[in-house]
J.: 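Pasting a structure below so you can have a look.
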Protein chains: 4
Amino acid sequence: MNRPRRRAPARAPADPAAEPEKRRAILHAAVRVFADKGYHGCRIADVARQAGVAYGLVYHYFKNKDELLESVFAEQWTIFIQAIQAIRAGPGTAAEHLAAVCRFALDIFRTAPQAVRVLILEVARTPNQLRAGSTRQTFEAALRLLADMVRRGQEAGELRRDVDPVIGAASVLGALELNLTAMVVGLLGGPAPSEDDVERVKRQVVEAALGGLLVARR
Amino acid sequence: MNRPRRRAPARAPADPAAEPEKRRAILHAAVRVFADKGYHGCRIADVARQAGVAYGLVYHYFKNKDELLESVFAEQWTIFIQAIQAIRAGPGTAAEHLAAVCRFALDIFRTAPQAVRVLILEVARTPNQLRAGSTRQTFEAALRLLADMVRRGQEAGELRRDVDPVIGAASVLGALELNLTAMVVGLLGGPAPSEDDVERVKRQVVEAALGGLLVARR
Amino acid sequence: MNRPRRRAPARAPADPAAEPEKRRAILHAAVRVFADKGYHGCRIADVARQAGVAYGLVYHYFKNKDELLESVFAEQWTIFIQAIQAIRAGPGTAAEHLAAVCRFALDIFRTAPQAVRVLILEVARTPNQLRAGSTRQTFEAALRLLADMVRRGQEAGELRRDVDPVIGAASVLGALELNLTAMVVGLLGGPAPSEDDVERVKRQVVEAALGGLLVARR
Amino acid sequence: MNRPRRRAPARAPADPAAEPEKRRAILHAAVRVFADKGYHGCRIADVARQAGVAYGLVYHYFKNKDELLESVFAEQWTIFIQAIQAIRAGPGTAAEHLAAVCRFALDIFRTAPQAVRVLILEVARTPNQLRAGSTRQTFEAALRLLADMVRRGQEAGELRRDVDPVIGAASVLGALELNLTAMVVGLLGGPAPSEDDVERVKRQVVEAALGGLLVARR
DNA sequence: TATGAATGAGAGTTCATTCAT
DNA sequence: CATGAATGAACTCTCATTCAT
């Protein structure tokens, strides 16, 4: 069969105001449901119900379940990446930039833990096939941006040069991720971390993750 | 109703020598297949074929697919945890212990990347339901062991005290994980990292992850 | 409940000049699409796109997909049947009439192979249920007209009497159909039969199909 | 996903005695159900129920619905083709051979009208794409065999040479088909043709279809 | 132990049809 | 007349699990 798809309402419309309200609703519902039951653990019906729309409408806006996940990712990562770019474009040293990124990520968690949950828990899920759509690319984009920050810091003499920028970036992002996972999972601050918990974690994570990158005589 | 269960020999037998050869084969096959296609992306049939045994035999040794995954985890983490414990019991400072753990993890990756892949990519997959079997517990066990190492280091004055041990441990483990992911995914050292690549990454990851935890005047 | 239907102008209007242009477009598009993908293999959306009209407009002019197909049939067969009637009303012997019918059918194929394709390939598709709309009736009407031609020929002594008129008609129509199918499918004259091919086939089919019906001493 | 298929129990097993009983049952049920409701009008569930097996078993033996239809075709046509070959290998003139083929086809109809129904009504259903599996090939094989018969008859001087063998074969097969359709549909001999009806039709169809191919002076 | 045929609930996807604008 | 977003029933296909041998 394999007939050519139509798919009129493309990815993200140029004019954000033009994005259909229901498409938004579905996307938001997907975040909640994925966060709650996991990608494999939920049915399209769950998303539709959560969004308060008819079953078929999900397929009106998204080609299939996979693309829905991709879209969720794309949207979330886009926000994250834009923040990174904004931070990088702003004032401050590379170390401050990296710290700002960490804080931003942890801030998001405070406001939208579910979104973070999806981002964190489903990232590398994609099997071997590189067929990964935007997902991986976006993830890599984030990593590269961070690596670039590290490189700048190294060039500026703020950060130690004996660590590959990618490794440095991965270390920071990894520390970030696993601390988030720990919070998500309830290992840090209990099932519902208070604002103070998050604040405390935030400070310490930055400390722990960045300390090692600073040029320091020991 | 309480009649003797026939599925007696299912779990790992006390006497490892007594473990049926085919059970091993299935377990190994599961690691490979899970690593390749992901837990949800593979069928029991795939595992059976890979193991070279009949379909139904998988169900002779494992109650269901979930339990198979749990067993894989259990086995892998057991190795990891035992290594951590051995390291902790050995000589050296806490910092050296942590470094040794990192090196060990990266060593495993060099010898059995697939096993690591499963461990890494499927860890937090389990949804909200706390029904998580041994999987999460084992993951937490590892985290706690590391946190304990950090705590000891803090008590001994080697490691900075202004970071929660769990956060410190999570940061190290996270850096470890994401660097592994980066390698698995091909962002570090290309699709097939050479031994030297791995060696280089190993050194730098340890540096990056631990540096920040050391008490240092800046 | 008996309120005036709004879908008044659905069927073919009495005054052909009054038929909306878009209705025509849809009907033509349907012929092409049905021919290309088959009735079950295409969606209303395909027809609409092919016709260059909006999705919902199809439902403005046709009650449902079935009725659209029926309309296509009705239109095509109507042409065919009118031609048969015209031929029958004209001069010549019964044998000449039958030959003319065959030639006409093959001529249509030359000009509008797609229309023929639909007519041929979807005719008997309708399952057991006698609920068949105009489709079958129209098909039967054609068969009966031909049978009538045969009967006349028999009464006039031109055609052999030992063959049931319906069987005779079916044989001619069948020969016609399968030769058309063979051309459609590419077994006669290749994928794109030339005009000469069609001409040759035309002559021979008439010969083959009619020869046996002639009263001839052997 | 598109994972490689396994499909252990291949098409038709070499040793017919080895063909699983249930596979047979499904195939037979498919013939009945397809005949009754048409390919598109029935669900796999119908076939399974009719066969008295579980839903999933259909997919154990057949890749999908399409392949099931193909298998039905293959089996039926195979019988037909083998009969043609047997007839051709036997004694008699080409004309007698062709007549024998017609009679055979009509005989099958008497014994297994449903099978014929499927064969006839679903033949050319396949859309444009040449992706047609065995279906078309088998149909063409039959046509070619008949054309070969015609050619032999022409060489032997029994049949007129001014008709392309393929056209001649198509004409016979077409006459056959449409007369069968007429019976299937109820236009010849009513909804349930008696044995005598069939016998009468048989004789006349042969007469009508072949008469024209004989070399005869007129 | 070992096998693989058999089962059937479950979920993704399609698409005819409706309806508010 | 015209549009296309919205609806949801229907159906195919998958695959974990069972069970007779």
Side-chain angles (χ1 to χ4, degrees), chain A residues 1 3 5-6 8-9 20-23 26 40-48 51-68, chain B residues 6 9 20-23 26 40-49 53-68, chain C residues 6 9 20-23 40-49 53-68, chain D residues 1 3 5-6 8-9 20-23 26 40-48 52-68:
Chain A
M1 299 306 173
R3 58 180 67 175
R5 302 292 315 190
R6 53 202 155 123
E21 173 197 352
K22 304 244 173 152
R23 190 182 193 275
I26 293 170
H40 289 286
C42 76
R43 299 161 298 176
I44 291 290
D46 296 328
V47 176
V53 302
Y55 200 107
L57 198 60
V58 176
Y59 284 90
H60 186 73
Y61 285 116
F62 303 92
K63 193 159 133 278
N64 52 34
K65 201 181 173 186
D66 260 25
E67 195 187 286
L68 179 56
Chain B
R6 66 191 152 89
E21 174 196 351
K22 303 237 172 157
R23 189 180 194 278
I26 293 170
H40 286 97
C42 75
R43 334 189 204 93
I44 290 291
D46 296 325
V47 175
R49 193 176 328 111
V53 303
Y55 210 92
L57 198 58
V58 176
Y59 282 90
H60 187 73
Y61 286 117
F62 304 90
K63 194 161 124 274
N64 53 33
K65 199 182 174 186
D66 262 22
E67 195 187 287
L68 178 57
Chain C
R6 67 191 150 90
E21 174 195 353
K22 303 236 173 159
R23 190 180 193 278
H40 286 97
C42 75
R43 335 188 204 95
I44 289 290
D46 296 325
V47 175
R49 194 177 328 111
V53 303
Y55 209 90
L57 198 59
V58 176
Y59 283 89
H60 187 72
Y61 286 116
F62 303 91
K63 195 161 123 271
N64 54 32
K65 200 182 173 187
D66 262 23
E67 194 187 288
L68 179 56
Chain D
M1 298 307 171
R3 59 182 64 176
R5 304 291 314 188
R6 48 197 157 127
E21 173 197 352
K22 304 241 173 157
R23 190 181 193 276
I26 293 170
H40 290 285
C42 76
R43 298 162 299 178
I44 291 291
D46 295 328
V47 176
V53 303
Y55 196 110
L57 198 60
V58 176
Y59 285 90
H60 186 72
Y61 286 116
F62 303 92
K63 193 160 135 275
N64 53 33
K65 201 181 172 185
D66 260 26
E67 196 187 285
L68 179 56

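Quick note on labels: first sequence line is chain A, next is B, and so on, each numbered from 1.
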J.: What are the two closest non-hydrogen atoms of A:Val47 and A:Ile26, and how far apart are they?
T.: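 For A:Val47 versus A:Ile26, the nearest heavy atoms are CG1-O, 3.9 Å.
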J.: Can you see which heavy atom on C:Ala45 is nearest to which on C:Tyr55, and at what distance?
T.: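 Nearest heavy atoms, C:Ala45 then C:Tyr55: CB-CE1, 3.4 Å.
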J.: Rounded to the Å, how far apart are C:Tyr61 OH and F:dT3 C1'?
T.: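 Rounding to the nearest Å, OH of C:Tyr61 and C1' of F:dT3 are 13 Å apart.
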J.: When you look at D:His40 and D:Lys65, which way does the side chain to side chain contact (heavy atoms under 4.5 Å, CB included) test go after all the steps?
T.: CA-CA 10 Å; D:His40 290 285; D:Lys65 201 181 172 185; 5.6 Å; no
J.: Looking only at side-chain N and O atoms, does D:Tyr59 come under 4.0 Å of OP1 or OP2 in F:dC13?
T.: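 For F:dC13, OP1/OP2 do have a side-chain N/O of D:Tyr59 under 4.0 Å.
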J.: Nearest whole angstrom, please: distance from the C1' of E:dC15 to the CG of C:Asp46.
T.: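 After rounding, the reported distance stands at 10 Å.
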J.: CZ of A:Phe62 versus P of E:dG12: gap in Å, rounded?
T.: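 Rounded to the whole Å, the gap is 15 Å.
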J.: By nearest heavy atom, map A:Lys65 and C:Ile44 onto DNA chain E; which one lands nearer the 5' end?
T.: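 So the residue in question is A:Lys65.
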J.: Using atom CD of D:Glu67 as one end and atom C1' of F:dT12 as the other, report the distance to the nearest whole Å.
T.: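 Going from D:Glu67 (CD) to F:dT12 (C1'), I get 15 Å.
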J.: Can you name the atoms? Protein N/O to nucleotides 7-10 of chain F N/O, anything below 3.5 Å, with the distance.
T.:
{"unit_1": "F:dT7", "atom_1": "OP2", "unit_2": "A:Ala54", "atom_2": "N", "d": "2.9"}
{"unit_1": "F:dG8", "atom_1": "N7", "unit_2": "A:Gly56", "atom_2": "N", "d": "3.0"}

J.: If pairs are Watson-Crick or G-U with both distances under 3.5 Å, what is the dot-bracket string of DNA chain E, marking crossing pairs with [ ] and pairs to another strand with |?
T.: .||||||||||||||||||||
J.: Mind calculating the distance between NZ (B:Lys63) and P (F:dT18) to the nearest angstrom?
T.: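 It is 9 Å, rounded to the nearest whole Å.
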